[in-house]
Amino acid sequence: MSRRILINPFRNDFQPTRFTQAIKSEMPYAIDFSNAATARGTSVSGVTVDSKGSRKLTLTTPSVSSNVASFFVKGDHSGNGMVEAEATYADGKKERAYIKVVIQDPQFRMTT
């Protein structure tokens with residue numbers, strides 16, 4: 001089961017979706033551009049993903065099926081990372097979505 005993000009084509013503001021995952025785990029993500037593609041009257045022809053933010057994330061090349069981009073995310077160090085996904089629609093228009101990924105080391109214990 002992947003972590004699924006549904007893109008709202010009628011949003012007026014922007015808030016990245018936030019997920020946490022354990023260090024060195026490879027988690028599946030799916031960004032669903034179906035509603036946005038339907039609202040535009042087109043389809044997604046391709047998606048690219050890139051690691052942004054203070055922590056470098058390892059990303060697999062996304063596969064696209066039925067306007068949904070699927071890929072894996074892995075982080076080797078604790079901290080905050082950002083995934084920038086850019087969808088290209090068949091009409092040439094582009095749209096970006098962002099995912100904030102908090103990488104945590106479950107073996108690290110804070111002392112108080």
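Both backbone and side-chain heavy atoms feed into the values below; hydrogens, waters and symmetry mates do not.
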Exercise. Cluster question for you: counting only ILVMFWY and a side-chain heavy-atom cut-off of under 4.5 Å, with indirect links fine, are Ile7 and Val68 together?
Worked result: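 No, it is not one cluster - the side chains of Ile7 and Val68 are not joined through contacts under 4.5 Å.
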In chain order, what residues pass the salt bridge (Lys or Arg N to Asp or Glu O under 4.0 Å) check against [X], with sequence neighbours excluded?
X: Arg40; answer: Glu95
X: Asp91; answer: none
X: Glu84; answer: Arg96

Problem set entry | Distance (rounded to the nearest 0.5 Å) between Lys94 NZ and Ser45 OG |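 Here the rounded value is 8.0 Å.
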Problem set entry | Reported CZ-to-CE distance for the pair Phe71 and Met27, which is rounded to 0.5 angstrom |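 Answer rounded to 0.5 Å: 12.0 Å.
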Exercise. Among all residues two or more places apart in sequence or in another chain, which pass the side chain to side chain contact (heavy atoms under 4.5 Å, CB included) test with Ser63?
Worked result: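 With neighbours one apart ignored, the set is Ser70.
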For this session: Among residues two or more places apart or on two chains, list those pairs meeting salt bridge (charged side-chain N to carboxylate O under 4.0 Å, His left out) that have a residue in residues 60-71.
Result: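 Pairs touching residues 60-71 that pass the test: none.
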Problem set entry | All pairs passing salt bridge (charged side-chain N to carboxylate O under 4.0 Å, His left out) where residues 18-28 contributes a residue, at least two apart |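 Salt bridge (charged side-chain N to carboxylate O under 4.0 Å, His left out) check on residues 18-28 returns no pairs.
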Exercise. Is there side-chain contact between Ile31 and Val47, with at least one heavy-atom pair below 4.5 Å?
Worked result: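 Answer no - side chains too far apart.
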Problem set entry | Test item: Ile103 and Gln21 side chains (from C-beta on) under 4.5 Å apart, heavy atoms |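 A side-chain contact under 4.5 Å exists here.
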For this session: Could you name each residue pair satisfying ring-ring contact (aromatic ring centres under 6.0 Å, His included) that touches residues 23-47, not counting sequence neighbours?
Result: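 Listed by first then second residue: Phe19-Tyr29.
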Exercise. Taking only residues two or more places apart in sequence, or in another chain, which ones meet Ser34 in a side chain to side chain donor-acceptor pair (under 3.5 Å)?
Worked result: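 If we apply the side chain to side chain donor-acceptor pair (under 3.5 Å) test to Ser34, skipping adjacent residues, the hits are Asp32.
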Could you list the donor-acceptor pairs under 3.5 angstrom formed by side chains in residues 48-60, with sequence neighbours left out?
from: Asp50; atom 1: OD2; to: Lys52; atom 2: NZ; distance (Å): 3.2
from: Ser51; atom 1: OG; to: Leu57; atom 2: N; distance (Å): 2.9
from: Ser54; atom 1: OG; to: Asn80; atom 2: O; distance (Å): 3.0
from: Arg55; atom 1: NE; to: Ser78; atom 2: O; distance (Å): 2.5
from: Arg55; atom 1: NH2; to: Ser78; atom 2: O; distance (Å): 3.3
from: Thr60; atom 1: OG1; to: Phe72; atom 2: N; distance (Å): 2.8

